[in-house]
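Reckoned from all heavy atoms, side chains included, excluding hydrogens, waters and symmetry mates.
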Amino acid sequence: MPRATLPSNRRRFPARSYRHATGNFTTIMLPESALVFRRSIGAALFFLLVSFSCLLLFRNADYSRFSSSNHLGRVSAVIPSNDSVAISNEYSLENILNEASMKDKTVILTTLNEAWAAPDSIIDLFLESFRIGDRTRWLLNHLVIVALDPKAFMRCQGIHSYCYLLANETVDFHEEAFFMTPRYLKMMWRRIDFLRSVLELGYNFVFTDADIMWFRDPFPRFHRDADFQIACDHFTGIVDDVQNRPNGGFNFVQSNNRSIEFYKFWHSSQETYPGYHDQDVLNFIKVDPFITNLGLKMKFLDTANFGGLCEPSKDLNKVCTMHANCCYGMDSKLHDLRIMLQDWKYYLTLAPSLKRLSIISWRVPQKCSLDSLKHPGAPEKSVQEN
């Protein structure tokens with residue numbers, strides 16, 4: 001085995017050394033025990049250097065282990081996976097929310113699984129919309145992407161500042177979950193429970209599905225007196241009309257006792273309406289006396305500002321967000337979302353006078369056309385289609 005050597009600036013041991021003078025040179029003769037000791041120190045330092053280098057390589061491969069303590073509704077820091085090494089959050093949920101929040105403790109949240117995290121897929125279009133939108137880029141500083149599986153978490157870390165891995169010990173959410181399957185239902189209800197935990201930590205949130213394009217800052221269009229306000233598949237024209245058809249993919253919620261109790265009631269209502277997803281259950285409970293007695297102020301958002309493929313925003317001068325709802329299948333979503341972005345980019349090139357004339361409109365839906373859903377054998381609806 002080659003002998004480990006120390007750097008040239010070795011420390012001497014004068015107390016036990018022996019000097020031998022030859023001309024103008026002086027050498028130091030050390031006893032055998034001192035030489036053995038120095039060799040041992042050198043070997044130990046060499047071992048530590050190799051160990052530290054391996055640790056750095058291991059960390060750079062994104063397989064480091066971190067720990068996080070639980071707090072209130074905080075989920076477990078480590079999520080089981082099929083990978084040989086478990087991946088965990090570096091920071092607790094509360095720390096991430098604190099770093100990402102606005103001054104009034106408001107954050108923007110979206111969820112992401114492996115199926116939507118692939119390069120040039122849904123998440124990339126989502127982030128691009130913030131970058132090219134009207135006064136929306138700054139909102140990326142307050143966006144937290146909640147990953148539902150390790151691969152989505154790793155992709156998030158490569159493209160965004162604030163990522164959180166939502167643990168689930170019983171269901172693997174990495175694959176595309178088709179509409180109304182057991183995996184889909186568990187994913188939707190897990191989301192509701194997670195959002196309740198965010199409210200309990202004292203944070204307001206805008207929740208947005210990742211298949212929603214952000215074209216304008218929506219905050220000026222929100223109702224100031226609402227505890228809970230939500231986008232619609234169909235808007236009747238009246239903001240507090242319970243006949244509106246809400247869509248769970250986009251909502252703005254204030255953290256207070258009323259909203260926390262509402263989310264608890266919403267989550268527990270899955271037992272009253274087994275087999276239904278969260279959006280259907282919301283349609284059932286929005287007229288429940290419990291909501292009235294709770295005093296929750298619920299408002300519905302106008303599709304003129306918060307549109308979707310179910311009911312598109314007609315005026316690009318007013319649109320804030322557009323949702324690829326009422327759409328089946330990943331390919332169809334991607335096709336129509338890309339056209340949305342193209343239409344918006346063209347709108348931005350117009351002179352102000354032409355913009356005011358509203359000379360252009362959306363070219364969607366195309367592949368997401370509702371007519372295709374009338375034909376027998378239409379594909380199943382994919383996760384986050386609502």
With the 4.5 Å side-chain cut-off for hydrophobic clustering, are [X] and [Y] part of the same group?
| X | Y | result |
| --- | --- | --- |
| F300 | V287 | no |
| L282 | V242 | no |
| L296 | I238 | no |

Taking atom [atom1] of [X] and atom [atom2] of [Y], what is their separation to the nearest 0.5 Å?
| X | Y | atom1 | atom2 | value |
| --- | --- | --- | --- | --- |
| M298 | I291 | CE | CD1 | 5.5 Å |
| S101 | I96 | OG | CD1 | 12.0 Å |
| Y347 | I360 | OH | CD1 | 8.0 Å |
| K151 | L112 | NZ | CG | 13.5 Å |
| T136 | R131 | OG1 | CZ | 10.5 Å |
| R224 | Q229 | CZ | CD | 11.5 Å |

Could you please spell out the steps behind the side-chain hydrogen bond (donor to acceptor under 3.5 Å, both in side chains) verdict for D227 and S259? CA-CA 6 Å; D227 299 314; S259 62; over 6 Å; no

Main-chain N/O of [Y] paired to [X] side chain as donor or acceptor, under 3.5 Å:
| X | Y | result |
| --- | --- | --- |
| S332 | C368 | no |
| D193 | R196 | no |
| E311 | F235 | yes |
| S313 | T303 | yes |
| H142 | A100 | yes |
| S92 | N95 | yes |
| Q157 | M154 | no |

Determine, for K367 against D336, whether the closest basic-nitrogen to carboxylate-oxygen distance falls under 4.0 angstrom. no

Validation row: [X], [Y] side chains within 4.5 angstrom (heavy atoms):
| X | Y | result |
| --- | --- | --- |
| R155 | D124 | yes |
| T111 | L195 | no |
| M187 | N113 | yes |
| S361 | K314 | no |
| N251 | F205 | yes |
| N305 | P218 | no |
| F126 | L337 | no |
| R191 | L148 | no |

Mind running salt bridge (Lys or Arg N to Asp or Glu O under 4.0 Å) on E261 and K264 for me, showing each step along the way? CA-CA 5 Å; E261 291 303 312; K264 289 180 180 178; 3.6 Å; yes

Ring center gap for [X] and [Y] short of 6.0 angstrom:
| X | Y | value |
| --- | --- | --- |
| F219 | F252 | yes |
| Y162 | Y91 | no |
| F284 | Y276 | yes |

Carefully, step by step, assess L301 and H223 under the rule side chain to side chain contact (heavy atoms under 4.5 Å, CB included). CA-CA 8 Å; L301 297 170; H223 305 289; 4.0 Å; yes

Please determine whether side chain to side chain contact (heavy atoms under 4.5 Å, CB included) holds for the pair I122 and D209, giving the CA-CA distance in whole Å, both sets of side-chain angles, and the decisive distance to 0.1 Å. CA-CA 10 Å; I122 299 290; D209 278 344; over 6 Å; no

Under 6.0 Å from the [atom1] atom of [X], do we count more than 12 heavy atoms belonging to anything else shown?
| X | atom1 | value |
| --- | --- | --- |
| N257 | CG | no |
| K286 | NZ | yes |
| F290 | CZ | yes |
| K318 | NZ | no |

If you look at every heavy atom in [X] and [Y], which pair is closest and at what distance?
| X | Y | result |
| --- | --- | --- |
| N244 | C232 | CB-SG, 4.0 Å |
| A152 | A117 | CA-CB, 4.0 Å |
| I212 | G249 | CD1-O, 3.4 Å |
| D225 | K297 | O-CD, 3.1 Å |
| F265 | I285 | CE2-CB, 3.8 Å |
| D302 | A304 | OD1-N, 2.9 Å |

For W189 and W266: C-alpha separation, side-chain torsions, deciding distance, then whether side chain to side chain contact (heavy atoms under 4.5 Å, CB included) applies. CA-CA 9 Å; W189 287 113; W266 189 359; 3.9 Å; yes

C310 and C326 SG atoms less than 2.5 angstrom apart: yes

F215 pairs by ring pair (Phe, Tyr, Trp, His ring centres under 6.0 Å) with which of F130, W362, F306? W362

Taking it one step at a time, do D217 and R135 satisfy salt bridge (Lys or Arg N to Asp or Glu O under 4.0 Å)? CA-CA 6 Å; D217 182 352; R135 292 166 293 177; over 6 Å; no

Is it the case that N247 and D233 place a side-chain donor and acceptor less than 3.5 Å from each other?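 Distance-only check passes for N247 and D233.
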
Distance alone, cut at 3.5 Å: any donor-acceptor contact between the side chains of S255 and N204?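 The criterion, which ignores hydrogens and geometry beyond distance, is not satisfied for N204 and S255.
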
Once you measure the plane-to-plane angle for F228 and Y263, does it fall in the parallel (<30°), tilted (30-60°) or perpendicular (>60°) bin?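 Perpendicular.
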
Would S88 and L165 count as a side chain to side chain contact (heavy atoms under 4.5 Å, CB included) if you check the C-alpha gap in whole Å, the side-chain angles of each, and the deciding distance to 0.1 Å? CA-CA 7 Å; S88 67; L165 181 60; 5.9 Å; no

